[in-house]
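Just so we're on the same page: letters track the sequence lines, and every chain starts at 1.
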Amino acid sequence: AQSVAQPEDQVNVAEGNPLTVKCTYSVSGNPYLFWYVQYPNRGLQFLLKYITGDNLVKGSYGFEAEFNKSQTSFHLKKPSALVSDSALYFCAVRPRTGANNLFFGTGTRLTVIP
Amino acid sequence: NAGVTQTPKFRILKIGQSMTLQCAQDMNHNYMYWYRQDPGMGLKLIYYSVGAGITDKGEVPNGYNVSRSTTEDFPLRLELAAPSQTSVYFCASGGSNTGELFFGEGSRLTVL
């Protein structure tokens, strides 16, 4: 079965410190990988994606993510957290073949402490 | 550019009532989706469409129906509302299989 795991419901980090939000997946083949962010009472917003090529992907607002094929992981990172980064983050994967679906993780709430 | 527009934003239904959630996009996207978001559960796909006249079931289609008569519109119909359908519903659209999705602001539905 296809699945996406975000092992941490909550991540707290001090402002200015680096942050990591973890994501692992179990999807056949080499899926497309995405990160989305959701602010309160809003829809999800796209941050970045991995399709092919360099394992380190850079996205919006200074975020980046590292694809690790052997560990089937796609962790979201930022070198220096801002209070405004506090939000709910979702990892998502789409199989390259088969059903046209985007499978989402359960989300990780990031709180950046001033 | 309005992007993806959902209406209504909030609705309370009684058990057994029916309603339609509207979704419209102005980006000429072929792909459109309906998700529901429940606390701690992430997003679950209800239905999707890859173009006008084409729809398909997602992970949790029971109790819902969709249609896609135009590229712009993708309404979600709830028949015989049940408390289990209390959720936040998101419509999304995308231009390709590898591209990002654009989400609406959501519709919060409560069934009492």
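For a residue to count as touching a neighbouring chain, one of its non-hydrogen atoms must lie under 4.5 Å from one of that chain's; by this rule A:I51 touches chain B with the side chain only. Heavy atoms of A:L88 lying under 4.5 Å from chain B belong exclusively to its side chain. Heavy-atom distances place the side chain of B:Y35, and not its backbone, under 4.5 Å from chain A. Contacts between B:Q6 and chain A at a heavy-atom distance below 4.5 Å are absent for every atom of the residue. At a 4.5 Å heavy-atom cutoff, the contact between A:N41 and chain B is made by backbone and side-chain atoms alike. Looking at A:Q38, the atoms closer than 4.5 Å to chain B (heavy atoms on both sides) all sit in the side chain, from C-beta outward.
A salt bridge is absent between B:R68 and B:D73: the closest approach of a Lys/Arg side-chain nitrogen to an acidic carboxylate oxygen does not fall below 4.0 angstrom. Salt bridge annotation for A:K58-A:E64: present, with a cationic side-chain nitrogen under 4.0 angstrom from a carboxylate oxygen. Ionic pairing of A:K77 and A:E66 is present here: one or more N-O contacts between side-chain nitrogen and carboxylate oxygen are shorter than 4.0 angstrom.
Figure legend: A:K78 and A:F63 shown as a cation-pi pair, the cationic atom lying under 6.0 angstrom from the six-membered ring centre and within 45 degrees of its axis.
Enclosure of atom CZ in A:R42 is not indicated, since only 12 or fewer non-hydrogen atoms of other residues, nucleotides or ligands lie within 6.0 angstrom.
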